[in-house]
Asks: 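A single structure is presented below for examination.
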Amino acid sequence: MPNLLDETSGLMAFVRTVEAGSFTAAARDLSTTPSAVSKSVARLEKKIGTRLFLRSTRALTLTQDGQAFFERVAPLLRELDASDEAIRPEAAPSGRLRISMPGELAPLLLPRLFGTFAKDYPDFQLDIGLTDRFVNLVREDYDVVLRAGSPMQEDLIVRRLADLPMAIVASPALLELTGRPRSVDDLSGLPFARYTMDGAIQPVRLADGTTFIPRGRVDCDTGSALIQAALSGLGAAFLLRCLVADDVQAGTLVDLAPEIALPKLPLNILHAYGRTVPARVRLFCDYMAGEARTLADL
């Protein structure tokens, strides 16, 4: 087996090329030339005896072996990069913190994140991506990811922050037409603004395990779109209660199932640093734990 301990430069060149998408972009990150990055990767490929990239004049594509190698090596290099913090804990935390969170939670989380956390740690460079899809944390070079629901990536550190209550809501105008539901059967008969994931309509789930596929003429793949459809009277919506708490309090939406037990959706925070967690990631995780408890109480 090859000894990779003397191939640190090749490993760094390989990982940064995957994350940046090209030898040129990786070279900028590593303060070197594209030729030097390409040669480092080629030397690494020769060392391990396999092709990591398929190269063409237009594209650079990971091979199957390259993908498996990246998912194994990238977390190790992250831990190595963070290991110096263990021997200088008195240093002020600093550096880039790249975060992914669901777009629908952003209006609830970003004001305090920018107004409090960012001010408490002025040496952090915050890079925030908003998306409802499950990003590949390692491949897309995120330090930490916030996700509602069960994690879909293995080999990650998962910290459960809170269990967020769900709600089923509709506009007063819709209820004037349909009447207020008095049973689960009545509820399942209402028109819904339906949540879709990868093109598939997601069922409405009750706490006792009962499920039904809602009917309706509006399908949405984000919580914010569901809320707008519900406010417009186009259907009921099944979504996180914290997203509609203000609308329910204002009366623009009505809670249809206050007496029907609904499941709670876990809010998790994920990273790939193993046991050597950088101070910036640890501080953010601790901060988000407090914010998540606030969301659960809405």
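Residue numbers run from 1 in the order of the sequence given. Every value quoted in this text rests on a predicted model; they were computed, and no experiment measured them.
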Asks: So do Val244 and Ile227 actually touch side chain to side chain, heavy atoms under 4.5 Å?
Replies: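 Side-chain contact under 4.5 Å: yes.
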Asks: Can you name the salt bridge (charged side-chain N to carboxylate O under 4.0 Å, His left out) partners of Glu45, sequence neighbours left out?
Replies: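 So Glu45 forms a salt bridge (charged side-chain N to carboxylate O under 4.0 Å, His left out) with Arg55.
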Asks: Between Ser171 and Leu231 (side chain of the first, backbone of the second, donor and acceptor by atom type, cut-off under 3.5 Å), is there such a pair?
Replies: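 No: the side chain of Ser171 does not pair with the backbone of Leu231.
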Asks: Could you work out, with salt bridge (charged side-chain N to carboxylate O under 4.0 Å, His left out) as the rule, every residue matching Asp297, not counting sequence neighbours?
Replies: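 If we apply the salt bridge (charged side-chain N to carboxylate O under 4.0 Å, His left out) test to Asp297, skipping adjacent residues, there are no hits.
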Asks: Inspect the surroundings of CG in Asp120 and state if more than 12 heavy atoms from other residues, nucleotides or ligands are less than 6.0 Å away.
Replies: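 Atom CG in Asp120 is crowded, with more than 12 foreign heavy atoms closer than 6.0 Å.
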Asks: Would you call the rings of Phe117 and Phe284 parallel, tilted or perpendicular if under 30° counts as parallel and over 60° as perpendicular?
Replies: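 Because their plane-to-plane angle is over 60°, the rings of Phe117 and Phe284 count as perpendicular.
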Asks: Got a sec, which hydrophobics cluster with Ile213, joining ILVMFWY side chains under 4.5 Å apart, including via others?
Replies: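 Joined to Ile213, directly or through intermediates: Ile201.
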Asks: Within a 6.0 Å radius of atom CZ on Arg43, are there more than 12 heavy atoms belonging to other residues, nucleotides or ligands?
Replies: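 Result for CZ/Arg43: enclosed.
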Asks: Are side-chain heavy atoms of Leu175 and Pro172 found at a separation under 4.5 Å?
Replies: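 SC-SC contact between Leu175 and Pro172 ruled out.
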Asks: Residues two or more places apart in sequence or in another chain: which of them pass side-chain contact (heavy atoms from CB on, under 4.5 Å) with Tyr195?
Replies: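 Tyr195 satisfies side-chain contact (heavy atoms from CB on, under 4.5 Å) with Met197, Gln202, Leu226 only.
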Asks: Check this for me, if you would: do Arg160 and Asp163 make a salt bridge, where the nitrogen-to-carboxylate-oxygen distance has to be below 4.0 angstrom?
Replies: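 Answer for the salt bridge query: yes.
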Asks: Run the salt bridge (charged side-chain N to carboxylate O under 4.0 Å, His left out) test against Arg96 and tell me which residues pass, sequence neighbours left out.
Replies: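 Partners of Arg96 under the salt bridge (charged side-chain N to carboxylate O under 4.0 Å, His left out) test: Asp141, Asp143.
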Asks: Hey, which of Arg147, Arg133, Glu140 is the one that makes side-chain hydrogen bond (donor to acceptor under 3.5 Å, both in side chains) with Ser100?
Replies: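 Answer after filtering Arg147, Arg133, Glu140: Arg147.
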Asks: Just checking, any donor-acceptor pair under 3.5 angstrom between side chains of Asp132 and Thr222?
Replies: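 There is no such pair (donor and acceptor under 3.5 Å, judged by atom type) between the side chains of Asp132 and Thr222.
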Asks: Is it the case that Asp219 and Thr196 place a side-chain donor and acceptor less than 3.5 Å from each other?
Replies: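 No - no donor-acceptor pair under 3.5 Å links their side chains.
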Asks: So, the side chain of Thr178 versus the backbone of Leu174: is there a donor-acceptor pair under 3.5 Å, distance only?
Replies: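 Answer holds: yes.
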Asks: List for me each residue that meets salt bridge (charged side-chain N to carboxylate O under 4.0 Å, His left out) alongside Arg241, sequence neighbours excluded, and say none if there are none.
Replies: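 Applying salt bridge (charged side-chain N to carboxylate O under 4.0 Å, His left out) to Arg241 gives none.
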Asks: Is the charged tip of Arg98 near the ring of Tyr142: under 6.0 Å from the six-membered ring centre and within 45° of its axis?
Replies: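 Pair Arg98/Tyr142 counts as cation-pi.
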Asks: Is the distance between the ring centroids of Phe69 and Phe14 less than 6.0 Å?
Replies: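 Judged by ring-centre distance (under 6.0 Å), Phe69 and Phe14 do meet the cut-off.
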Asks: Between the side chains of Asp185 and Ser183, is a donor N or O closer than 3.5 angstrom to an acceptor N or O?
Replies: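 Their side chains do not contain a donor-acceptor pair, so the 3.5 Å distance test is not met.
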Asks: Please determine whether the number of non-hydrogen atoms from other residues, nucleotides or ligands lying under 6.0 Å from atom CG of Asp29 exceeds 12.
Replies: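 Yes, the 6.0 Å shell around CG holds more than 12 heavy atoms from other groups.
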